[in-house]
Protein chains: 4
Amino acid sequence: MNVIDPNTSQPKWTRKPQARPDEVLEAALDVFAVNGFAATRMDDIAKAAGLSKAAIYLYFPSKDDVFKALVEQRIGVLQGHFDAAAKDQKRDPIAGLRHVARMWATSFQDLRVAALPRIILAEALRFPDLAEFYHRTVIERTQGALVELIQAGIDAGLFRQVEPLLAARALVSPLVFEILRRQAFPAHNIGQPMEVLVEAVFDLFLNGIAAVPLQPFVGVKP
Amino acid sequence: MNVIDPNTSQPKWTRKPQARPDEVLEAALDVFAVNGFAATRMDDIAKAAGLSKAAIYLYFPSKDDVFKALVEQRIGVLQGHFDAAAKDQKRDPIAGLRHVARMWATSFQDLRVAALPRIILAEALRFPDLAEFYHRTVIERTQGALVELIQAGIDAGLFRQVEPLLAARALVSPLVFEILRRQAFPAHNIGQPMEVLVEAVFDLFLNGIAAVPLQPFVGVKP
Amino acid sequence: MNVIDPNTSQPKWTRKPQARPDEVLEAALDVFAVNGFAATRMDDIAKAAGLSKAAIYLYFPSKDDVFKALVEQRIGVLQGHFDAAAKDQKRDPIAGLRHVARMWATSFQDLRVAALPRIILAEALRFPDLAEFYHRTVIERTQGALVELIQAGIDAGLFRQVEPLLAARALVSPLVFEILRRQAFPAHNIGQPMEVLVEAVFDLFLNGIAAVPLQPFVGVKP
Amino acid sequence: MNVIDPNTSQPKWTRKPQARPDEVLEAALDVFAVNGFAATRMDDIAKAAGLSKAAIYLYFPSKDDVFKALVEQRIGVLQGHFDAAAKDQKRDPIAGLRHVARMWATSFQDLRVAALPRIILAEALRFPDLAEFYHRTVIERTQGALVELIQAGIDAGLFRQVEPLLAARALVSPLVFEILRRQAFPAHNIGQPMEVLVEAVFDLFLNGIAAVPLQPFVGVKP
DNA sequence: GATGAATGAGAGTTCATTCAT
DNA sequence: AATGAATGAACTCTCATTCAT
């Protein structure tokens, strides 16, 4: 009543400025990452964002929508990480695969990035469309890139005649699982950096699919 | 599905008082598997068990305790399998590992059993003691058994000098991840049975750690 | 079905044996005295009585009725204590009053007796008819007896022209209040026996109503 | 009675946000006074305050806390009276005692205030800390003030060598007991105002402890 | 007579959401 | 834009009471 121009009596808002919503999502990620969806209260998000609870509703119509917007936004970020990674590497599939694997380690150093897969897996039942979106934009793309590389390796005679999708998953899952494990069982985290794990996993994987024996594997003493 | 057969609509039960707590857990598993922990109401469990809400409290002091009892019960069953499997197999580590891997496939055929890891993962932050319990009784023991087998293989010169814990996880994680994947992204489940996946994963793993080249891997066409 | 004679098919009971109900009331007094009415569960009473909860309902139709029966029974006991006490003492009103006062001390040594006034005061609003009954059978009678004694004292020229009812209350209330105080604030109970208190209160009272100065009062050092 | 005027049925209020907690306590006192603690539902308080049940929780974290806050608030008021009253009266202990006694009459004219001791008594066992608080802030301080006055009277040769604490209780208990009596046995309330009772009790008390005979007591005809 | 088993009807408490300002 | 205040609709848990055996 004091801010609105009395000439234009538009009681409902439609404009949503850009900075604020992102700040809210930023804050929401922090609390969702720690508490999960159900246990996070709108008050928590508001407090983390330095806003009042009601203010959140200026930008997002519901708690579900905050969550969805958050995941969609972060998926975008995640996707950016991997998007170009696998391109133009078919000349040297092994180097390409190694590059992708190492990128994992780097990306998931950021806990706010690492939280995303766990959140999605945990809440997939409640937000099947989100899970679907994640699958389509992140999983399938990453898998696709890996599959292409693996197929290229097979075609080049570097790899055995494995099923590429399966092999791709065999490479990715120990890495994803490790970041899930670290979040779910923080008490059992040895201080080992992800990079070391990645190298070991990749080496094991490479030996698994190599057409000919490779260099001897050097295990990691945790 | 097994507690209340939707085909036969007989709302009244022949009571088996001694088995009541187990029936409640049975029902609880059904509901938790579909809704997760937080979204499951005591009324849901009660209804699934053919009881009143208050009756649940005759057997379990709280919702948390229902969940914990459920995990303990299911885990106890699984654990017996693995414990027995891992012992007495050190003579033939490869056969031992293969046996354990195959047992996974069998155990997690039951979708309600498969739901447990997902629920644990989703609720680990809210129930750290439950997660701790799960880690201690399931993860550590399974890992321990695998590590022993792998170490035996290394000692016998069958496997390369890999880090056993890491190798164990590299074997297990594709399998665990697959059951998570199937639940989180049901739309992307190809009908492939777990057994086939297990064989492929195990073969890839074996080639990865084998000291000498093995028989050529035959990939699975999904 | 196994105990009841199949010839006489009387599904409802009317007979209530004598011993059991009293045992129940005995137990009920214990728990009501400690927890008050609302906080006492039927289970508590049952456990204290060594019976099942359902068995209580064989003897009393409701929790309220247990309470009422208990109070009525104990009022009878209490009443018996004081009933004849004040009779035939009009020859020597001072001795009569002293006798009554000392009886208080003796009676309320028993905590199960002492609990009654507190219970009744505490629950008077919920059980107005019980309170009424207590007033009629205990308070009025006791007061009546005291009033008669005091009136006799006045008539004999021993006491001043006080209002007898008021004086009676002035004598009784410090005593009753003390037993309430001891129950409500057990942490502040100095070990002083009731008898000592009674003597002091009585002495103070006597000096208060005496027509002529009496012997010097000897205070009690607690 | 004072919060929701039954005569003017205006369901909506002019909101005074700052005063809300006090309004809630005001309403709570009304309801607690009638129903006691256990039998009062949060809904009752809310309705009496013209609020929703959930709104109460904006100001008080639990029902217990509403009760405690209520007692503290009311006691604070009372206590101020007594504290001031007892000071600066040692020159004339008799006038001081009379003043304190008369303040009782005034304070407990308000039936809602009079309800507090009864509630405390009834709930003392369930809320030992509340009882403790009440004892410390009300009973001990009132007693302390009286004890000092009585001791001053003894020192001045006005009173006999009575035990001051005991004498203080002998003065107070008929008054406290009377307000309990009036609530527990409303059917037996003669219309006599508290002031008259106070004068009579005080006169009796004074004669009881006086070192020399005082003016003849004039009893009250109820 | 007695009980184990069960329940309906609440109770206190929480929280996403709304609205007047 | 933003918020303090408020609430309705749950939810977990409790307990007096019932009933088949």
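Proteins get letters first, then strands, A, B, ... in listed order; numbering begins at 1 in each.
- At whole-Å resolution of the value, CD1 in Ile56(C) and C1' in dT3(E) are 12 Å apart.
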For this session: Take Leu29(D) and Arg74(D), measure what side chain to side chain contact (heavy atoms under 4.5 Å, CB included) needs, and give me the verdict at the end.
Result: CA-CA 9 Å; Leu29(D) 179 52; Arg74(D) 290 290 154 173; 3.4 Å; yes

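- Nearest heavy atom pair, residue Ala124(A) against residue Ala131(A), reads CB-CB, 3.9 Å.
- OP1 or OP2 of dA5(F) has not a single side-chain nitrogen or oxygen of Tyr59(D) nearer than 4.0 Å.
- Between the side chain of Lys53(A) and the base of dT17(E), at least one donor-acceptor pair of N or O atoms lies under 3.5 Å.
- Among all heavy-atom pairs drawn from Ala46(A) and Ile56(A), the shortest one is CA-CD1, 3.9 Å.
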Exercise. Between Val31(D) and Arg41(D), does a side chain to side chain contact (heavy atoms under 4.5 Å, CB included) hold up when you go through it step by step?
Worked result: CA-CA 9 Å; Val31(D) 197; Arg41(D) 289 167 312 221; over 6 Å; no

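- Ring pair Phe133(A)/Phe127(A): centre-to-centre distance not below 6.0 Å.
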For this session: Any chance you could encode DNA chain F as dot-bracket? Rule is Watson-Crick or G-U wobble with both distances under 3.5 Å; [ ] for pairs crossing earlier ones, | for another strand.
Result: .||||||||||||||||||||

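- The distance between atom CG of Asp64(D) and atom C1' of dG12(E), rounded to the nearest whole Å, is 10 Å.
- Taking atom CZ on Phe67(B) and atom C1' on dT12(F), their separation rounds to 17 Å, with Å as the unit.
- Between Tyr134(A) and Leu130(A), the closest side-chain pair of non-hydrogen atoms is not below 4.5 Å.
- Closest to the side chain of Ala54(C), from the set dT7(E), dG4(F), dT18(F), is dT18(F).
- What separates CZ of Phe60(B) from P of dT12(F) is a distance of 16 Å, to the nearest Å.
- Scanning residues 25-51 of chain C for heavy-atom distances under 4.0 Å to DNA chain E yields Leu51(C).
- Distance from the side chain of Ala55(D) is smallest to dT7(F) among dT14(F), dT7(F), dG1(E).
- Scanning both residues, Leu125(D) and Val34(C), for their nearest heavy atoms gives CD1-O, 3.0 Å.
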For this session: Report the C-alpha distance between Glu26(A) and Arg112(A) in whole Å, list the side-chain angles of each, state the deciding distance to 0.1 Å, and finish with yes or no for side chain to side chain contact (heavy atoms under 4.5 Å, CB included).
Result: CA-CA 9 Å; Glu26(A) 204 73 15; Arg112(A) 296 159 63 85; 2.5 Å; yes

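- Of the candidates dA5(E), dG1(E), dC19(E), dG1(E) carries the atom nearest the Leu58(C) side chain, counting heavy atoms from C-beta on.
- Between Phe37(B) and Phe67(B), the two ring planes are tilted [angle within 30° to 60°].
- Nearest nucleotide to the side chain of Tyr57(C), out of dC13(F), dA2(E), dT17(F): dT17(F).
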